[in-house]
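Contents: one structure, followed by commentary.
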Amino acid sequence: MLTALRRLAGTWFAKGLFLLLVLSFAIWGIEDVVRNFGNDTAVARVGGERIELPEAQNAARREVQRVQRQLGGNFEINAEMSRAIARQAVEGMVMDRVQRQEATRLGLAVPDAAVRDYVFAIPAFQGADGRFNRLAFDSFLRNNGLSEPGFLALLKADLLRQQLAGAVRSGAAGPDALTRPLLAWEREQRAAEIVSLPFPAAPEPAAPDEAALVRFHENNPDRFSAPEYRHVVLGVLSPDTVMADVQVSDEDLRAYYQAHLGNYEKQERRRIEQVLIGDRDKAVALAARWREGADFAAIKTAAEAEGGQATELGETDRAGLPLPELAEAAFALPQGGVSEPVQTAFGWHVVHVSAIEAGETRGFDAVRAEVETALKRERATDVAFERANQVEDALAAGGSLSEVAPRFGLQVADVTIDANGRGRDGASVALPLSGQPLQIALRAAFAAQQGEMPRLAEAGQVALFAFELKEIIPAALRPFAEVREQVQDAWIAAERRRHQEERAAALMAAVKDGKSLADAAREAGLVARRIGPVTRDSQDPNVPPELLAPLFATAPNATTMAEGTLGFTVAQVTQVIAFDPASDPLALGRTRSAVEQAMLADLESQYLDALRSRAEITVNEPVLNQVSNP
């Protein structure tokens, strides 16, 4: 048998088979390269320069983190927002390439020394001594997922862009032909006579007949329609829902107490003041003055005269002091004590303890219930996430949420609700979620399509939820009998509004016929009052805010009318006070500066648009769609 195999191995057939085997393993190792051969894997190209998918994904991830920080940790960025942010990140990379290529064409460059100086000048990277702090720099890079070379490359590109933008923005000036009329327009003042016609002051209308109410109900469906409701079965898995299943022994509780003893201790706190100075002898002299009874204000003045500084560190515990040497000195002193000079990398410190709040340790028996709750919650968190996989498997196997929930400790609510979590009676429905997690679940439930399989999703930090959409109940006009009382109230309000609107129109007609608003109001049994002079942005509580815009759009002695939430206001312009821009050179300068900034921003935007339009840019849409799914 072996002899036959050796003989077969020497044939050309066996050698060809062996070669095919080698090739198959080689191709298996470079499968992605072979599969993508001939396909463009770049997200975009700018003048032949590629923007690769990993680079775009990293940029999109940083942009998502930035947006998340701005909106707050509880704000959920959904898939649609993530795609929009990814496209925005790619567009930023495209414009970066466009500007870099233009800078290269113009022969612009940023020396490494300029980049270094710029980094050293960033306040976030400086320590207490005002010098560059490597730890702060490394922390920034780590928190933003950047390497040092990558960050410096981004910074160099930004400095190049600043050179381009600076060249475009320089030299623009706000012309007097624009700034003077603008300032005059902003500072113009007006006085007026006004008459208020509040809705509640209108007389009670005659009782409507049933037919009028029915017509009003039919003609205003948006006011009397029920919102869309959804019948959902909502299941929530969280530490709270499984905590009852968690058992802990007395030994567990005592071990947890010892491991977290700091949580049950009230640390000693001290109110501390310090002097920082560069010379030891001066520090010794200041310490002596402090011990002799000089107050902090005198010490501060003396320290500053010697080129140092005195600061109040406030009330803090030992861990709150940034330097171990200072903590050791400060917490070794009695109340009112002053330390010997302590040397650190920043100079010589003298600390003074003005007050001491003693620490305290609560014994195990006193905090047993608190310890038990904390330990159970900690273990319940682990249990909840362990069960999450089991719940997902059970749902994927076809189990309904109502069947799966009791097996794994999910809290279930079978409810019919609107998008705000209210029932058909308008009251909030009791649900196993609240606050931001509830809003996340409601958005998901009202974005779902009927027939979708339930799946677990995160609601905030620790809660998970799943839901079954049983029924979608479209928005519909409520039956008249059900809302008759609301219809009648709305009809009465509408009649009162109509009455006041007619009175307002009559006042305006009387003024148009030659009467003053004060006379027309007196004849109608109303009272006119004078307001102003006021400016366009007046905050005068006696002037309805909705009246300002029409008041400044009305000719002198003419009338205007504005409707607010409380009623109508009729106004007659009695005085227009023009503003002379030459009377306030400072205001004119501020306006000119604002105009110039707006012009410069427009110039830069137009310049960048022109650069982009003439650049050779291609975007690979299929690959771009992968940027938000790293």
Side-chain angles (χ1 to χ4, degrees), residues 113-144 148 151-152 258-362:
V115 177
R116 182 198 60 212
D117 293 344
Y118 192 88
V119 171
F120 285 2
I122 296 175
F125 300 156
Q126 294 174 359
D129 59 352
R131 291 183 294 184
F132 177 72
N133 186 298
R134 183 75 201 190
L135 292 177
F137 180 64
D138 290 341
S139 175
F140 169 83
L141 295 179
R142 186 168 55 254
N143 292 338
N144 288 275
E148 182 175 335
F151 172 71
L152 296 178
Q258 290 298 326
H260 299 82
L261 191 59
N263 295 340
Y264 310 106
E265 291 180 334
K266 180 183 176 183
Q267 298 294 322
E268 178 183 313
R269 298 178 66 81
R270 297 185 168 212
R271 183 169 293 278
I272 299 170
E273 300 153 346
Q274 79 152 358
V275 164
L276 175 60
I277 199 163
D279 183 86
R280 185 183 188 283
D281 292 339
K282 293 178 180 178
V284 169
L286 287 168
R289 286 191 60 182
W290 221 337
R291 291 191 190 96
E292 290 168 1
D295 62 15
F296 179 72
I299 293 296
K300 183 175 182 179
T301 302
E304 290 174 351
E306 296 290 353
Q309 59 181 355
T311 54
E312 295 184 78
L313 300 181
E315 191 176 280
T316 181
D317 58 17
R318 184 184 290 265
L321 290 172
L323 300 171
E325 305 96 314
L326 280 186
E328 191 66 31
F331 279 79
L333 294 169
Q335 184 166 325
V338 177
S339 74
E340 294 296 331
V342 177
Q343 186 177 23
T344 72
F346 302 107
W348 291 92
H349 304 253
V350 176
V351 294
H352 170 249
V353 177
S354 59
I356 298 177
E357 184 181 341
E360 177 189 7
T361 299
R362 293 182 290 164

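Computed from a prediction, not measured in an experiment: that's the story for all the values here.
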Item to complete: Go through the steps to decide whether Leu321 and Ile272 satisfy the test side-chain contact (heavy atoms from CB on, under 4.5 Å), and finish with yes or no.
Response: CA-CA 10 Å; Leu321 290 172; Ile272 299 170; 3.9 Å; yes
Discussion item. Is any side-chain heavy atom of Thr311 closer than 4.5 Å to one of Leu276?
Written reply: no
Worksheet item: Does any N or O in the side chain of Gln126 come within less than 3.5 Å of the main-chain N or O of Phe120, such that one atom is a donor and the other an acceptor?
Response: yes
Response to the item:
salt bridge (charged side-chain N to carboxylate O under 4.0 Å, His left out) filter on Glu312, not counting sequence neighbours, yields none
Worksheet item: Which atom pair, heavy atoms only, marks the closest approach of Arg289 to Ile299?
Response: CB-CD1, 4.1 Å
Practice prompt. Please test Glu273 against Lys300 for salt bridge (charged side-chain N to carboxylate O under 4.0 Å, His left out), starting from the C-alpha separation and ending with a verdict.
Written response: CA-CA 10 Å; Glu273 300 153 346; Lys300 183 175 182 179; over 6 Å; no
Worksheet item: Does the pair Arg291/Glu340 count as a salt bridge with the N-to-O cut at 4.0 Å?
Response: yes
Worksheet item: Can you name the side-chain contact (heavy atoms from CB on, under 4.5 Å) partners of Asp281, sequence neighbours left out?
Response: Asp279
Discussion item. My understanding is that only residues two or more places apart in sequence, or in another chain, count here; which of them pass side-chain contact (heavy atoms from CB on, under 4.5 Å) with Ala283?
Written reply: Ile277, Pro341, Trp348, Val350
Discussion item. So for atom CD, which belongs to Glu328, do other residues, nucleotides or ligands contribute more than 12 heavy atoms lying within a distance under 6.0 Å?
Written reply: no
Worksheet entry | Non-hydrogen side-chain atoms of Val351 and Val342 separated by less than 4.5 Å | no
Discussion item. Just to verify, which of Arg271, Arg270, Lys266 counts as forming a salt bridge (charged side-chain N to carboxylate O under 4.0 Å, His left out) with Glu268?
Written reply: Arg270
Worksheet item: Of the non-hydrogen atoms in Val119 and Phe125, which two are nearest, and what is the gap between them?
Response: O-CD1, 3.7 Å
Discussion item. side-chain contact (heavy atoms from CB on, under 4.5 Å) for Ile122 and Phe140? Distances and angles first, verdict last.
Written reply: CA-CA 12 Å; Ile122 296 175; Phe140 169 83; over 6 Å; no
